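Some notes on the structure that comes next.
Every value quoted in this text rests on a predicted model; they were computed, and no experiment measured them.
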Amino acid sequence: MVSQYNAADIEQKWQKSWTELGLDRTPTDSDQPKYYALSMFPYPSGSLHMGHVRNYTITDVIARVKRMQGYQVLHPMGWDAFGLPAENAAIDRGVPPAQWTYQNIAQMKEQLQQLGLSLDWEREVATCSPDYYRWTQWLFLQFYEAGLAYQKESAVNWDPIDQTVLANEQVDNEGRSWRSGAKVERKLLRQWFFKITDYAEQLLTDLDKLTGWPDRVKTMQANWIGKSVGAYLEFPIKDSQEKIAVFTTRPDTVYGVTYVVLAPEHPLTALVTTPDRKSTVEAFIAEVANESEIERTAEDKPKRGVLTGGIAVNPFNGEEIPILIADYVLYEYGTGAVMGVPAHDVRDFKFAKENQLPIKVVILPDDADNSDICLLQAYTEAGTMVNSDGFTGMISPKAKTAIIDYAERNGYGKARVQYRLRDWLISRQRYWGCPIPVIHCETCGTVPVPDADLPVKLPDQVEFSGRGPSPLAKLSDWVDVPCPCCSQSAKRETDTMDTFIDSSWYFLRYTDAQNSQQVFDRDRVNHWMGVDQYVGGIEHAILHLLYSRFFTKVLRDRGLVNVDEPFNKLLTQGMVQGLTYKNPKTGKYVIAKDLETGKLLIDSSNPTDPETGEKLQVFYEKMSKSKYNGIDPQEVLAKYGADTARMFILFKAPPEKDLEWDDADVEGQFRFLNRVWRLVADYAEKAVKPVTAKSLSKAEKDLRRSIHQAIKEIAEDLDGDYQFNTAISEMMKLSNALSSATCIESSVYREGIETLLILMSPFAPHITEELWQLLGHQSSIHQQNWLTFDPDALVVDEITLVIQIMGKTRGTIQVPASATKEELEKYALSSEIAQKYLQGKEIKKAIVVPGKLVNFVAS
Ligand SMILES: [Zn+2]
């Protein structure tokens, strides 16, 4: 009797054995080509979710295949461990953030190990460990030395509940904090910035080098950087020496300017405001101060503005135009002022209509016979210039360059490229982050902490009230230090860094994770970089990936790494979605399953709300606690084992597509593994001595073809696009071919069994290892070479020929694949089928389709 497949037993056994053997350790003394396979590291929330499982399983299969293909593979894991949740846990539960974080890391590490991931844990990093953040601080000082880290007073998004500054990306479309949900306020604070704008052009043009990235990610980055080419123009203020600078991508419309708008925070606002407008202007400024940037610039919101009473002069035609302030103009963007051309800009047109400002047409469509068209809506296309002095009659794209030239000659302005990208605000007024390593001295100013004094450690004894400024600012023992330059009393910086800094270089640290002397050894980092395959969620398409690219370029310019780009290939895996029940009337999500037993609580054929009896909507949506549609990886592992979970996740959808969780399909993969188990264990038990025949029988040839077909197809599935789902289909086909094969005594059958296990081993590493050993092998299946197919085995020497009489199929026969047209007709004619159906008839014609069929026309 063949033993049963018991996932729990064998998975634990092999995980332990692999660790002891050091199978997943990165080779450092090999001449093999290198391969760096990397998953985006998790935030240690405490428990793995299915999205993690999917991400890490995909990378693991790639790492395992590459190892078997003869690469030396680096496949590390770590923890993006600083951040707000740990600090909130400290506030809510009184647990120190470090303790909470390290507990969660231990818990999640155990879960990761249960998945059978071939990770090199000797290179584990945690960004909250002083061994790591010492180097984050050192890198900050590299940026500082390069003039890329600076402080400035800045209007920031202030979360009144968490009492901290938020990045723009942490504010949702309604102007609320991503975390606390509080309405975000504007506040002026002195903040640290990284000068990412210095690298805007490189970050944009180098996107072309990223041929292994999805186009949509590159497009998102390009849009985020937002390059526009245009002109910088200056409008003199009447009765003043001051000028208002604007940037425009449409200098060809400059004769159509009918007003100028300043951001309410613009320093010239006070100067241009006339006494009679003062109270109105001040009231408006106060009102706008409480709006978030997102609210101010929302597309669907009416643009509000007020006249300042001030007058500007259009230097091109001397026209006097009013100066307004408006909420939609942001001081942080561009020059903080815009010229208004309502005739040729959609937003300006709307604003002019709402505020009764004049509209002046200066470009006409080529087929227009009058200018009325522009008064109904803005005309934003190219056309012929009108009302534009010497430029009248020109086509507008040509006028663009001509007007910029004219402006440069007359001192009105110049050509300029502008980016939407702004400098990266990195200050956080929070405790659980990497301290910014500078000291403020009244005499010496901002002084970097000397390298020898790094790391600036986070103090342990901290009180968390959840209110007020950073908890660090209240610790005078920590804050008050002598100045490193003049030794007089000085103060530490109390801001910590945005956690996106920690994750902008962790992939570099993995290449030399235990180095206590330097950030990393140059040779090691240059040996492993760039990352050959990066795998992670699309939600990181902009920030994390852009910041990592920025870091890499800065470190390259500092001589620390020799690559331009960190990630050669990027795979953004799709979401894992769960079946979701929602009451469309109340908008509430309904718990459909008993969380303990997994039993359905509602009738799935006619789902109704247990509370109200109303009919429920049923659909798939990203798994989330609040929607009661999540599946806990622990449950799946406990019930089926890691191999089934991995196979299901890889089989259910191609990696970049969303995956709909389906228990029946999980069950299906479990059954497949059981079939493989019986097939191989049964064979092993029979202890067959394989016989190698001098020439192969038809059954052997057929089986050998199936074997090499599987090797070939799976190689194609894994090459480039990682179509794991179709690769698993091929494994199933091979398993079926082996089940129905009759040549068990043959060495070909043995080849088939071993091929199936080797091909499956990166996908289901435990069961294949167990069965491999059952076959009598001493070394691990994961140390075997990947297989290449034998083209000779694929040659088909017989084909199935369809025989038709008067177009009707009457049967099939086997014929040599090499038969000519004439021979095919002969085989067909002499077959029993033709003899039977053609008896007593006269054959008029035989239609032969080579390789397929013969059709007899007879009467
Ligand atoms: Zn000093």
Side-chain angles (χ1 to χ4, degrees), residues 672 675-676 679 682-683 688 690-717 726-756 759 787-859:
F672 172 57
R675 279 203 301 278
V676 172
L679 179 76
D682 187 28
Y683 176 77
V688 180
V691 180
T692 310
K694 283 219 173 68
S695 68
L696 298 183
S697 68
K698 180 173 182 312
E700 286 173 314
K701 275 186 188 167
D702 284 348
L703 181 58
R704 195 150 184 274
R705 193 178 314 116
S706 299
I707 296 167
H708 287 267
Q709 194 69 38
I711 299 173
K712 178 173 181 276
E713 296 294 333
I714 291 173
E716 283 168 14
D717 291 333
T726 52
I728 291 176
S729 299
E730 292 299 327
M731 295 168 197
M732 291 170 161
K733 273 198 222 161
L734 178 55
S735 152
N736 289 340
L738 286 162
S739 297
S740 55
T742 50
C743 51
I744 291 185
E745 307 293 324
S746 165
S747 58
V748 174
Y749 193 84
R750 174 88 183 186
E751 183 191 357
I753 292 279
E754 297 196 344
T755 299
L756 178 64
L759 292 175
L787 301 168
T788 48
F789 71 92
D790 174 5
D792 289 342
L794 299 180
V795 173
V796 183
D797 44 22
E798 273 196 346
I799 56 158
T800 302
L801 186 72
V802 173
I803 297 176
Q804 293 181 336
I805 314 293
M806 303 298 288
K808 193 161 185 184
T809 299
R810 292 299 186 183
T812 62
I813 55 168
Q814 293 302 115
V815 296
S818 58
T820 63
K821 239 177 148 174
E822 290 73 27
E823 284 168 341
L824 287 177
E825 191 180 330
K826 272 184 201 154
Y827 281 119
L829 195 57
S830 59
S831 69
E832 280 177 25
I833 302 159
Q835 307 251 319
K836 181 180 162 194
Y837 287 96
L838 290 172
Q839 209 173 23
K841 288 184 177 157
E842 188 194 340
I843 298 168
K844 296 229 164 114
K845 209 165 104 188
I847 302 157
V848 182
V849 182
K852 290 218 171 69
L853 66 83
V854 176
N855 180 19
F856 292 107
V857 182
S859 62

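Atom CG in Asp790 sits 4.5 Å away from atom CZ in Arg704 (nearest 0.5 Å). With rounding to the nearest 0.5 angstrom, the CG atom of Leu696 is 7.0 Å from the NZ atom of Lys701. Phe856 CZ to Lys841 NZ: the interatomic distance, rounded to the nearest 0.5 Å, is 12.5 Å. A distance of 10.5 Å separates CD of Gln709 from CD1 of Ile711, quoted to the nearest 0.5 Å. The CG atom of Leu853 lies 7.5 Å from the OG1 atom of Thr809; values are rounded to the nearest 0.5 Å. Atom CG of Leu794 is separated from atom OG of Ser706 by 10.0 Å, given to the nearest 0.5 angstrom.
Scanning all heavy atoms of the two residues, the minimum distance from Ile799 to Ala817 falls at CG2-CB, 4.0 Å. Lys821 approaches Val848 most closely through the heavy-atom pair CE-O, 3.6 Å. Of all heavy-atom pairs spanning Met731 and Leu759, the tightest one is CE-O, 3.4 Å. Contact between Ile813 and Ser831 at its shortest, heavy atoms only, is CG2-CB, 4.0 Å. Heavy atoms only, all atoms of each residue included: Ala828 and Ala834 are closest at O-CB, 3.1 Å. For the pair Pro850 and Leu824, the tightest heavy-atom approach, listed with the atom from each and the gap, is CA-CD1, 3.9 Å.
For Lys712 and Glu716, the salt-bridge test passes: some basic side-chain N is under 4.0 Å from an acidic carboxylate O.
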Residues 744-755, side-chain donor-acceptor partners within the protein, below 3.5 Å, at least two apart:
{"unit_1": "Ser746", "atom_1": "OG", "unit_2": "Glu700", "atom_2": "OE2", "d": "2.7"}
{"unit_1": "Ser746", "atom_1": "OG", "unit_2": "Val748", "atom_2": "N", "d": "2.9"}
{"unit_1": "Ser747", "atom_1": "OG", "unit_2": "Val691", "atom_2": "O", "d": "3.4"}
{"unit_1": "Ser747", "atom_1": "OG", "unit_2": "Thr692", "atom_2": "OG1", "d": "3.4"}
{"unit_1": "Tyr749", "atom_1": "OH", "unit_2": "Leu738", "atom_2": "O", "d": "3.3"}
{"unit_1": "Arg750", "atom_1": "NE", "unit_2": "Glu754", "atom_2": "OE2", "d": "3.0"}
{"unit_1": "Arg750", "atom_1": "NH2", "unit_2": "Glu754", "atom_2": "OE2", "d": "3.1"}
{"unit_1": "Arg750", "atom_1": "NH2", "unit_2": "Leu775", "atom_2": "O", "d": "3.1"}
{"unit_1": "Glu751", "atom_1": "OE2", "unit_2": "His708", "atom_2": "NE2", "d": "2.9"}
{"unit_1": "Glu754", "atom_1": "OE2", "unit_2": "His777", "atom_2": "NE2", "d": "2.8"}
{"unit_1": "Thr755", "atom_1": "OG1", "unit_2": "Glu751", "atom_2": "O", "d": "2.6"}

*With salt bridge (charged side-chain N to carboxylate O under 4.0 Å, His left out) as the test, would you mind laying out the steps for Lys733 and Glu730 before giving the verdict?*
CA-CA 5 Å; Lys733 273 198 222 161; Glu730 292 299 327; 3.2 Å; yes
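Atom CD of Glu832 has 12 or fewer neighbouring heavy atoms from other residues, nucleotides or ligands inside a 6.0 Å radius.
Applying the side-chain hydrogen bond (donor to acceptor under 3.5 Å, both in side chains) rule to pairs touching residues 850-859 yields Lys844-Ser859, sequence neighbours excluded.
Side-chain N or O atoms of Ser739 include one that pairs as donor or acceptor with a backbone N or O of Ser735 at under 3.5 Å.
Two residues are said to be in side-chain contact when any heavy atoms from C-beta on lie closer than 4.5 Å; Leu829 and Leu838 meet this criterion.
Residues satisfying the side chain to side chain contact (heavy atoms under 4.5 Å, CB included) test with Asp702, not counting sequence neighbours, are Lys698, Arg705.
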